[in-house]
Amino acid sequence: MFGAERSAWSLMFPHVRRASAADAAACVDIYRPYVLDTAVTFETDVPTTQEMARRIEGALATHEWLVLEFDGDIGGYAYAHQFNPRPAYRWSVETSVYVAAQRHRRGAGRLLYDELLRRLRQHGFRRAFAGIAQPNEASNALHRAFGFAPAGRYRRVGWKRGEWHDVEWWQLDLDGPGDEAGPPRPLTT
(Lines give C-alpha, C1' and ligand atoms only; values in the text may rest on other atoms or scores of the structure.)
Protein backbone atom coordinates (compact mmCIF):
# COMPACT_ATOMS: atom_id res chain seq x y z
CA MET A 1 0.00 0.00 0.00
CA PHE A 2 1.21 3.47 -0.79
CA GLY A 3 0.38 7.07 0.04
CA ALA A 4 -3.24 7.74 1.02
CA GLU A 5 -4.12 4.02 0.90
CA ARG A 6 -1.48 3.23 3.50
CA SER A 7 -2.57 6.15 5.72
CA ALA A 8 -6.22 5.08 5.59
CA TRP A 9 -5.26 1.46 6.31
CA SER A 10 -3.10 2.40 9.31
CA LEU A 11 -5.98 4.32 10.90
CA MET A 12 -8.19 1.22 10.90
CA PHE A 13 -5.95 -0.74 13.26
CA PRO A 14 -4.31 0.17 16.55
CA HIS A 15 -0.82 1.53 16.14
CA VAL A 16 1.69 2.10 18.95
CA ARG A 17 4.14 4.92 18.34
CA ARG A 18 6.53 7.15 20.24
CA ALA A 19 4.70 10.12 21.73
CA SER A 20 5.48 13.78 21.25
CA ALA A 21 4.52 16.92 23.14
CA ALA A 22 1.71 17.31 20.60
CA ASP A 23 0.00 14.29 22.23
CA ALA A 24 -0.21 16.01 25.63
CA ALA A 25 -3.86 17.13 25.41
CA ALA A 26 -5.01 13.62 24.44
CA CYS A 27 -2.98 12.13 27.32
CA VAL A 28 -4.55 14.61 29.75
CA ASP A 29 -8.02 13.61 28.52
CA ILE A 30 -7.22 9.94 29.18
CA TYR A 31 -5.65 10.65 32.57
CA ARG A 32 -8.34 13.05 33.87
CA PRO A 33 -10.88 10.38 35.01
CA TYR A 34 -8.11 8.42 36.76
CA VAL A 35 -7.20 11.55 38.76
CA LEU A 36 -10.75 12.72 39.50
CA ASP A 37 -12.68 9.47 39.89
CA THR A 38 -10.26 6.79 41.12
CA ALA A 39 -7.40 6.05 43.48
CA VAL A 40 -5.40 4.49 40.64
CA THR A 41 -3.15 7.54 40.73
CA PHE A 42 -2.44 9.53 43.87
CA GLU A 43 -2.44 12.81 41.97
CA THR A 44 -5.37 14.94 43.05
CA ASP A 45 -5.15 17.72 40.46
CA VAL A 46 -5.35 17.04 36.73
CA PRO A 47 -2.13 18.24 35.11
CA THR A 48 -2.36 20.97 32.51
CA THR A 49 -1.57 20.22 28.90
CA GLN A 50 1.68 22.15 29.32
CA GLU A 51 2.65 20.03 32.34
CA MET A 52 1.82 16.81 30.48
CA ALA A 53 3.93 17.98 27.51
CA ARG A 54 6.81 18.61 29.92
CA ARG A 55 6.40 15.08 31.35
CA ILE A 56 6.36 13.54 27.87
CA GLU A 57 9.48 15.41 26.80
CA GLY A 58 11.22 14.50 30.06
CA ALA A 59 10.46 10.80 29.64
CA LEU A 60 11.54 10.82 25.99
CA ALA A 61 14.89 12.38 26.87
CA THR A 62 16.04 9.28 28.74
CA HIS A 63 13.37 6.58 28.57
CA GLU A 64 10.13 6.10 26.63
CA TRP A 65 6.60 7.44 26.28
CA LEU A 66 4.32 5.66 23.83
CA VAL A 67 0.77 6.30 22.64
CA LEU A 68 -1.77 3.99 21.05
CA GLU A 69 -3.54 5.46 18.04
CA PHE A 70 -6.79 3.98 16.84
CA ASP A 71 -8.94 5.54 14.15
CA GLY A 72 -6.82 8.68 14.41
CA ASP A 73 -7.44 9.07 18.16
CA ILE A 74 -5.14 8.40 21.08
CA GLY A 75 -6.65 5.52 23.08
CA GLY A 76 -3.95 5.07 25.69
CA TYR A 77 -0.37 5.71 26.67
CA ALA A 78 2.46 4.01 28.52
CA TYR A 79 5.76 5.36 29.72
CA ALA A 80 8.87 4.64 31.72
CA HIS A 81 11.07 6.90 33.78
CA GLN A 82 14.00 6.40 36.11
CA PHE A 83 13.00 4.42 39.18
CA ASN A 84 15.11 6.58 41.47
CA PRO A 85 17.34 9.57 40.62
CA ARG A 86 20.48 8.14 42.27
CA PRO A 87 23.01 6.89 39.68
CA ALA A 88 23.15 3.28 40.88
CA TYR A 89 19.47 2.91 39.93
CA ARG A 90 20.01 3.87 36.27
CA TRP A 91 19.31 0.31 35.08
CA SER A 92 15.86 0.31 36.73
CA VAL A 93 12.69 1.98 35.45
CA GLU A 94 9.21 2.63 36.75
CA THR A 95 6.46 1.95 34.24
CA SER A 96 2.85 3.13 33.94
CA VAL A 97 0.03 2.57 31.50
CA TYR A 98 -3.28 4.43 31.14
CA VAL A 99 -6.06 3.51 28.73
CA ALA A 100 -9.15 5.50 27.74
CA ALA A 101 -12.33 4.12 29.33
CA GLN A 102 -13.81 3.08 25.98
CA ARG A 103 -10.67 0.99 25.27
CA HIS A 104 -10.69 -0.99 28.56
CA ARG A 105 -10.61 -4.78 28.21
CA ARG A 106 -9.83 -4.57 24.49
CA GLY A 107 -6.09 -5.26 24.56
CA ALA A 108 -4.92 -1.63 24.51
CA GLY A 109 -2.85 -1.96 27.68
CA ARG A 110 -1.25 -5.16 26.36
CA LEU A 111 -0.31 -3.54 23.06
CA LEU A 112 1.28 -0.59 24.84
CA TYR A 113 3.14 -2.64 27.45
CA ASP A 114 4.38 -5.15 24.89
CA GLU A 115 6.05 -2.38 22.89
CA LEU A 116 7.23 -0.44 25.95
CA LEU A 117 8.94 -3.46 27.52
CA ARG A 118 10.47 -4.46 24.18
CA ARG A 119 12.00 -1.00 23.80
CA LEU A 120 13.26 -0.93 27.38
CA ARG A 121 15.02 -4.27 26.84
CA GLN A 122 16.47 -3.00 23.57
CA HIS A 123 18.00 -0.04 25.37
CA GLY A 124 19.59 -2.17 28.07
CA PHE A 125 17.38 -1.48 31.07
CA ARG A 126 17.44 -4.42 33.52
CA ARG A 127 14.46 -4.04 35.89
CA ALA A 128 10.98 -2.63 35.51
CA PHE A 129 8.87 -1.71 38.52
CA ALA A 130 5.22 -0.74 38.74
CA GLY A 131 3.62 0.77 41.83
CA ILE A 132 -0.05 -0.26 41.78
CA ALA A 133 -2.53 1.38 44.17
CA GLN A 134 -4.68 -1.34 45.72
CA PRO A 135 -7.18 -2.70 45.14
CA ASN A 136 -6.69 -2.84 41.38
CA GLU A 137 -7.16 -6.36 40.04
CA ALA A 138 -7.17 -5.22 36.39
CA SER A 139 -3.71 -3.69 36.69
CA ASN A 140 -2.46 -6.60 38.82
CA ALA A 141 -3.63 -9.03 36.10
CA LEU A 142 -2.00 -7.01 33.31
CA HIS A 143 1.33 -6.93 35.11
CA ARG A 144 1.10 -10.61 36.02
CA ALA A 145 0.47 -11.44 32.34
CA PHE A 146 3.76 -9.76 31.43
CA GLY A 147 5.72 -11.65 34.08
CA PHE A 148 5.80 -8.99 36.79
CA ALA A 149 5.69 -10.41 40.32
CA PRO A 150 4.84 -8.70 43.61
CA ALA A 151 7.99 -7.32 45.24
CA GLY A 152 6.63 -5.50 48.29
CA ARG A 153 3.78 -3.47 49.65
CA TYR A 154 3.49 -0.06 51.25
CA ARG A 155 0.50 -0.23 53.55
CA ARG A 156 -1.95 2.66 53.98
CA VAL A 157 0.42 5.03 52.21
CA GLY A 158 -2.00 7.11 50.11
CA TRP A 159 -5.17 8.91 51.22
CA LYS A 160 -7.61 9.45 48.38
CA ARG A 161 -11.38 9.32 47.91
CA GLY A 162 -11.97 9.19 51.67
CA GLU A 163 -9.81 6.18 52.52
CA TRP A 164 -6.29 4.85 52.82
CA HIS A 165 -4.80 2.82 50.00
CA ASP A 166 -1.88 0.42 49.86
CA VAL A 167 0.61 0.45 47.00
CA GLU A 168 1.90 -2.90 45.89
CA TRP A 169 5.18 -2.86 43.98
CA TRP A 170 5.61 -5.30 41.12
CA GLN A 171 8.95 -6.17 39.53
CA LEU A 172 9.98 -7.60 36.17
CA ASP A 173 13.54 -8.64 35.37
CA LEU A 174 14.08 -7.50 31.80
CA ASP A 175 17.29 -9.54 31.44
CA GLY A 176 18.26 -12.83 32.99
CA PRO A 177 20.98 -13.61 35.52
CA GLY A 178 24.45 -12.54 34.50
CA ASP A 179 23.21 -9.26 33.07
CA GLU A 180 26.20 -7.24 34.22
CA ALA A 181 26.64 -5.51 30.86
CA GLY A 182 27.15 -1.77 30.56
CA PRO A 183 24.64 0.97 31.35
CA PRO A 184 21.48 1.58 29.32
CA ARG A 185 22.10 2.77 25.76
CA PRO A 186 20.92 6.13 24.46
CA LEU A 187 17.44 6.19 22.99
CA THR A 188 16.65 7.03 19.42
CA THR A 189 13.31 7.73 17.83
Side-chain angles (χ1 to χ4, degrees), residues 16-21 23-24 27-28 30-32 34-35 38-47 51-68 76-99 108-160 165-176 179 181-187:
V16 176
R17 66 168 172 79
R18 202 156 199 242
S20 74
D23 297 312
C27 291
V28 169
I30 291 166
Y31 191 51
R32 179 178 289 107
Y34 289 98
V35 173
T38 76
V40 167
T41 175
F42 287 170
E43 281 198 82
T44 56
D45 295 318
V46 178
E51 170 58 20
M52 188 64 78
R54 188 195 64 71
R55 291 177 188 187
I56 292 169
E57 289 172 341
L60 292 175
T62 57
H63 292 76
E64 286 287 354
W65 190 300
L66 305 174
V67 293
L68 176 67
Y77 65 93
Y79 63 91
H81 59 85
Q82 190 167 346
F83 177 72
N84 185 296
R86 293 191 175 126
Y89 287 103
R90 70 182 168 268
W91 289 271
S92 297
V93 299
E94 183 178 347
T95 61
S96 292
V97 61
Y98 292 94
V99 175
R110 288 179 183 269
L111 285 170
L112 285 160
Y113 246 29
D114 187 56
E115 182 64 13
L116 179 66
L117 296 172
R118 185 191 71 74
R119 288 178 185 221
L120 294 172
R121 285 182 179 99
Q122 177 184 352
H123 295 297
F125 292 104
R126 305 300 195 286
R127 311 282 173 266
F129 295 88
I132 304 172
Q134 298 297 316
N136 190 338
E137 190 47 45
S139 189
N140 294 348
L142 175 69
H143 287 84
R144 191 177 302 111
F146 277 95
F148 282 79
R153 190 174 191 116
Y154 296 153
R155 300 195 184 283
R156 299 172 54 85
V157 69
W159 177 264
K160 189 167 179 190
H165 297 274
D166 295 356
V167 171
E168 188 165 72
W169 284 93
W170 291 64
Q171 178 176 342
L172 175 66
D173 292 340
L174 297 170
D175 284 332
D179 59 354
R185 292 174 288 287
L187 302 177

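The shortest non-hydrogen separation linking Leu142 to Gly109 is CD1-C, 4.1 Å. Nearest heavy atoms, Ala80 versus Val93: CB-CB, 4.2 Å. Nearest approach of Ala78 to Tyr113, heavy atoms of both residues: CB-CD1, 4.4 Å. Among all heavy-atom pairs drawn from Ala133 and Ala39, the shortest one is CB-O, 3.1 Å. Glu43 and Lys160 get closest at one heavy-atom pair: O-NZ, 2.8 Å. Across all their heavy atoms, Val67 and Leu112 have their closest contact at C-CD2, 3.8 Å.
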Problem - CA sep, side-chain torsions, deciding dist, call: Arg32, Val35, side-chain contact (heavy atoms from CB on, under 4.5 Å) - result: CA-CA 5 Å; Arg32 179 178 289 107; Val35 173; 5.9 Å; no

Practice task
Show the numbers, then the answer: is there a side-chain contact (heavy atoms from CB on, under 4.5 Å) between Glu64 and Phe125?
Solution key: CA-CA 11 Å; Glu64 286 287 354; Phe125 292 104; over 6 Å; no

Practice task
Take Ser139 and Val40, measure what side-chain contact (heavy atoms from CB on, under 4.5 Å) needs, and give me the verdict at the end.
Solution key: CA-CA 9 Å; Ser139 189; Val40 167; over 6 Å; no

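Note that CZ of Arg17 is 13.0 Å distant from CH2 of Trp65, once rounded to the nearest 0.5 Å. To the nearest 0.5 Å, atom CZ of residue Arg119 and atom NE2 of residue His63 are 14.5 Å apart. For the atom pair Leu66 CG and Tyr77 OH, the distance stands at 12.5 Å (nearest 0.5 Å). Here the straight-line distance linking atom OH of Tyr31 with atom OG of Ser96 works out to 8.0 Å at 0.5 Å rounding. Between the CH2 atom of Trp91 and the CZ atom of Phe83 there is a distance of 15.0 Å, given to the nearest 0.5 Å. Rounding to the nearest 0.5 Å gives a distance of 9.5 Å between CD of Glu57 and CZ of Arg54.
Using a 4.0 Å cut-off between charged nitrogen and carboxylate oxygen, Arg126 and Asp173 do not count as a salt-bridge pair. With salt bridges taken as basic N to acidic carboxylate O contacts below 4.0 Å, one links Glu115 and Arg118.
One side chain, Asn140 or Gln134, offers a donor N or O that lies under 3.5 Å from an acceptor on the other.
When each of Leu116, Leu111, Asp114 is tested with Val16 by the rule side chain to side chain contact (heavy atoms under 4.5 Å, CB included), just one qualifies, namely Leu111.
Side-chain contact between Gln82 and Thr62 is absent, with no heavy-atom pair separated by less than 4.5 Å. Using a 4.5 Å heavy-atom threshold, the side chains of Leu172 and Arg127 count as separate. Using a 4.5 Å heavy-atom cutoff, the side chains of Tyr98 and Thr41 are in contact. The closest side-chain heavy-atom distance from Asn136 to Thr38 is not below 4.5 Å.
Legend: salt bridge (Lys or Arg N to Asp or Glu O under 4.0 Å) pairs involving residues 81-96, not counting sequence neighbours: none detected.
Within a 6.0 Å sphere centred on CZ of Phe42, other residues, nucleotides and ligands contribute more than 12 heavy atoms.
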